[in-house]
Amino acid sequence: MLDIKFIRENVDLVKRGVANKNTDIDIDRLISLDAKRRALLAEVETIKSYRNDVSKKIGLLKKEKKPCDDIFEEMKNVGDKIKVLDDEVRNITMEIDNLLVWIPNIPHESAPVGKDSTENTFVREWGQKRQFDFEPKAHYDIGEALGILDFERATKLSGSGFILFKGMGALLERALINFMIDIHTARHGYLEVSPPFMVKSACMFGTGQLPKMEPDMYKLPEDDLFLIPTAEVPVTNIHRGEILEESELPKRFVAYTPCYRREAGSYGKETRGMVRVHQFDKVELVKLVKEGDAYPELEKLLVDAETILQILKLPYRIIELCSGDMSFAAAKCYDIEAWAPGQNGYLEVSSCSTFEDFQARRMGLRYREAESRKVKFVHTMNGSGLALPRVVVAILENYQQADGTVVIPEALRPYMGNKERIDLR
RNA sequence: GGAGAGGUGCCUGAGCGGUUGAAAGGGGCGGUCUCGAAAACCGUUGACCACGUUCGUGGUCCCAGGGUUCGAAUCCCUGCCUCUCCGCCA
């Protein structure tokens, strides 16, 4: 959420930012509602001040047992007037809030302006694409042949868009989770947390999934809970509504969770295999930092995430998203895309974004500055570190052999019984 | 699922319907003392909003939303949440 004061004082900047995010919000209407609200507020507060004065006097008169019926008569009218004005303020505030919650975060000045993914910019790349002396297969063919992926039976269980890992496939998934968390805790200094996989709507609002993304979420209406679409939601919300001490910052969390996404409207795209599924595992990095640290910390977070691919020796590139391709809450966002030879393309395995104080304002997440003792909003950010199925795809496709087996990346071998390859049985 | 208890400031915990933003203690911050620290003592310590250019003035907030009243943290209703016991259960 943007600060109404900021909007008031930067109307043009906000209009431009909103437009660059491909969003259409009537900012002028918001501004005029805001002005109206403040005028009403001034009016009703003057009357309330008067009421408070009189109430105090009544208290004193009562003590002296003096009659005050005539005052009551007058004050009844004052009370009614206040009620009417309060109602007006409440209604107009609701109207303002209904606009405000739909306004996206505005892109950082350093973020490229563009309408969609075709205008994202290349940042850097790493690694050498392997030269194959045979035609590289797609992960679903490799995995099914090895008996480690079973799409047909996954569909029997839950419909399309689900994965059944078996044997070394299941172990590979589990190994990756442990491997990634170990790197981030031991080497990068993140605190491991294991949060609930279901959250209240307040959490979903806090990180900005609600209201806009509601159709993409799995909801449990009986219990007013949502299945999390990413660990970002529970983890960023850990300190919702709190005022932290500056000395507690930055906080760095790493969490493994499954992620549930309806992927509404994306049917037909990437239906084959496990590039786009309704449930997937992910190791997520979340940072809470103080104002001013957001951008350097985002760069570090990006490096922490890409380290995983480097250790796994998987070639990748980094893309910076343009304004129109960024998510609702993001101010700046990098994607890490792993090379997948079987797809002859890149797969997004991580998205690293900073939200500045956008999420924090929604969830009331603040900190007290050590020196000034002032209360400020925390700056939040997160990035996948990394999303699992697509890393599995990249491993299967990059490490496949002519005989159909798959060599296990060295770094994962300790997590997989020191085996060197996944073979036919 | 059955039966109770309760939701007050950073925390614990008081609070007859009328100077209560809220006692007390703890914590935090500042100071005295000390070579330094601890202890002790003194002082201080909420957030948000509006208005007026520092500083101020006013308003709101005692889980949330309604209601009663001239006036509500204090009374009434609804909802939410937490805790305890029993049952069930990984």
Side-chain angles (χ1 to χ4, degrees), chain A residues 1-9 30-101 194 196-206 210 219-226 234 237-249 251 258 288 291 357 360-378:
Chain A
M1 202 150 59
L2 296 181
D3 184 2
I4 184 70
K5 273 183 270 187
F6 177 83
I7 299 175
R8 196 188 293 154
E9 287 157 17
L30 181 69
I31 294 294
S32 80
L33 284 171
D34 173 55
K36 204 162 139 197
R37 190 183 92 97
R38 284 183 292 142
L40 280 170
L41 225 40
E43 191 183 349
V44 70
E45 284 180 4
T46 308
I47 303 175
K48 281 182 178 172
S49 172
Y50 172 66
R51 178 178 71 181
N52 288 344
D53 286 348
V54 176
S55 283
K56 270 179 198 164
K57 277 182 206 139
I58 291 174
L60 296 176
L61 288 174
K62 279 278 183 189
K63 244 174 215 148
E64 297 167 33
K65 298 221 168 11
K66 286 186 183 159
C68 24
D69 290 356
D70 47 334
I71 305 183
F72 285 173
E73 194 63 33
E74 186 211 343
M75 291 315 286
K76 183 141 179 84
N77 291 330
V78 171
D80 290 345
K81 208 163 168 184
I82 289 175
K83 203 166 281 181
V84 170
L85 287 170
D86 267 347
D87 276 351
E88 269 184 74
V89 170
R90 193 181 322 134
N91 288 336
I92 203 165
T93 302
M94 266 169 55
E95 242 183 295
I96 289 172
D97 287 346
N98 282 338
L99 284 173
L100 224 41
V101 298
S194 182
F197 303 159
M198 295 183 273
V199 295
K200 301 178 185 182
S201 56
C203 294
M204 295 291 265
F205 179 81
L210 291 184
K219 193 176 183 179
L220 303 155
E222 292 277 291
D223 306 283
D224 192 30
L225 291 170
F226 290 82
N237 274 282
I238 287 174
H239 294 289
R240 171 160 51 92
E242 297 182 24
I243 300 178
L244 304 171
E245 283 299 327
E246 181 179 336
S247 57
E248 298 178 72
L249 300 177
K251 281 184 182 285
L288 310 182
E291 185 181 82
D357 63 3
R361 181 169 286 108
R362 290 179 154 242
M363 66 175 79
L365 170 53
R366 295 170 294 174
Y367 71 100
R368 194 182 302 280
E369 238 178 18
E371 233 176 279
S372 68
R373 298 269 85 198
K374 271 192 186 156
V375 176
K376 296 192 164 176
F377 285 105
V378 166

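All chains are named by letter (A, B, ...) in the order of the sequence lines, taking the proteins before the strands, and each is independently numbered beginning at 1.
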Min side-chain heavy-atom separation A/V378-A/R366 under 4.5 Å: no
Atom-pair distance (CZ on A/R51; P on B/G59), nearest Å: 10 Å
Proximity to RNA chain B (any heavy atom under 4.0 Å), residues of residues 40-50 of chain A only: A/L41, A/E45, A/K48, A/S49
C1'-based separation of B/U8 from B/U20 [nearest Å]: 12 Å
Watson-Crick or G-U wobble mate for B/C35, both contacts under 3.5 Å: none
Separation of the C1' atoms in B/G7 and B/U78, to the nearest angstrom: 16 Å
Sugar-phosphate, base or nothing in reach of A/K5, heavy atoms under 4.0 Å: sugar-phosphate
Contacts of A/E242 that satisfy side-chain hydrogen bond (donor to acceptor under 3.5 Å, both in side chains) - sequence neighbours left out: A/H239
Most 5' of A/E245 and A/N52 on RNA chain B, judged by nearest nucleotide: A/E245
Side chain of A/V375 - closest among B/C70, B/C48, B/A50: B/C48
More than 12 heavy atoms from other groups under 6.0 Å of CD on A/E73: no
Integer-rounded Å distance: B/C48 P and A/K374 NZ: 11 Å
Nearest-Å distance for atom pair CZ/P, residues A/R362 and B/C48: 19 Å
Distance between P atoms of B/C55 and B/G46 (Å, rounded): 16 Å
Of the listed nucleotides B/C48, B/U60, B/G46, the one nearest the side chain of A/R366: B/C48
Counting only pairs under 3.5 Å, give me each side-chain donor-acceptor contact of residues 39-48 of chain A, with atom names and distances, residues two or more places apart or in other chains.
unit_1: A/T46; atom_1: OG1; unit_2: A/A42; atom_2: O; d: 2.7
unit_1: A/K48; atom_1: NZ; unit_2: A/D86; atom_2: OD1; d: 3.2
unit_1: A/K48; atom_1: NZ; unit_2: A/D86; atom_2: OD2; d: 3.4

Distance, rounded to the nearest Å, where A/R361 contributes CZ and B/A47 contributes C1': 15 Å
Non-neighbouring partners of A/E88 that pass side-chain hydrogen bond (donor to acceptor under 3.5 Å, both in side chains), sequence neighbours left out: none
Strand partner of B/C51, provided both Watson-Crick or wobble distances fall under 3.5 Å: B/G56
Nearest-Å distance for atom pair CD/P, residues A/E369 and B/A47: 13 Å
Nucleotide forming a Watson-Crick or wobble pair with B/U68, both distances under 3.5 Å: none
Whole-Å P distance, B/C16 and B/C48: 30 Å
Rounded distance (Å) that lies between atom C1' of B/G71 and atom CD of A/E73: 15 Å
A/R8 to A/D34 - nearest heavy-atom pair and separation: NE-OD2, 2.7 Å
side-chain N/O A/R368 vs B/A47 OP1/OP2, d < 4.0 Å: yes
Counter-base of B/G46, judged by Watson-Crick or G-U geometry with both distances under 3.5 Å: B/C61
Close approaches to RNA chain B from residues 79-95 of chain A, in residue order (heavy atom, under 4.0 Å): A/K83, A/R90
Non-neighbouring partners of A/K57 that pass side-chain contact (heavy atoms from CB on, under 4.5 Å), sequence neighbours left out: none
Partners meeting side-chain hydrogen bond (donor to acceptor under 3.5 Å, both in side chains) with A/R240 (sequence neighbours left out): A/N237
A/D97: partners by side-chain contact (heavy atoms from CB on, under 4.5 Å), with sequence neighbours left out: A/T93, A/L100
Which residues share a side-chain hydrogen bond (donor to acceptor under 3.5 Å, both in side chains) with A/D87, sequence neighbours left out: A/R90
For A/E369, all residues meeting side-chain contact (heavy atoms from CB on, under 4.5 Å), sequence neighbours excluded: A/E246, A/Y367, A/S372, A/K374, A/K376
Distance between P atoms of B/C51 and B/G65 (Å, rounded): 23 Å
Complementary nucleotide of B/A14, counting Watson-Crick and G-U pairs under 3.5 Å: none
Pairing partner of B/C89 (Watson-Crick or G-U wobble, both distances under 3.5 Å): none
Nearest-angstrom distance, P atom, B/A24 to B/G30: 23 Å
For A/R361, side-chain contact (heavy atoms from CB on, under 4.5 Å) partners two or more places apart: A/M1, A/D3, A/D357, A/F377
Expected rows: protein N/O vs nucleotides 11-20 of chain B N/O, under 3.5 Å:
none

Atom P, compared across B/G56 and B/A5: separation rounded to whole Å: 47 Å
d(CG, A/D97; P, B/C48) in whole Å: 17 Å
A/L30 and A/I96, any side-chain heavy atoms less than 4.5 Å apart: yes
Candidates B/C70, B/C81, B/A47 - which lies nearest the side chain of A/K200: B/C81
Between P of B/C10 and OH of A/Y367, the distance in whole Å: 18 Å
Nucleotide forming a Watson-Crick or wobble pair with B/U82, both distances under 3.5 Å: B/A5
Sugar-phosphate only, base, or nothing, as touched by A/R8 at under 4.0 Å among non-hydrogen atoms: sugar-phosphate
A/L99 side chain near A/L33 side chain, heavy-atom distance below 4.5 Å: yes
Atom C1', compared across B/U57 and B/A73: separation rounded to whole Å: 25 Å
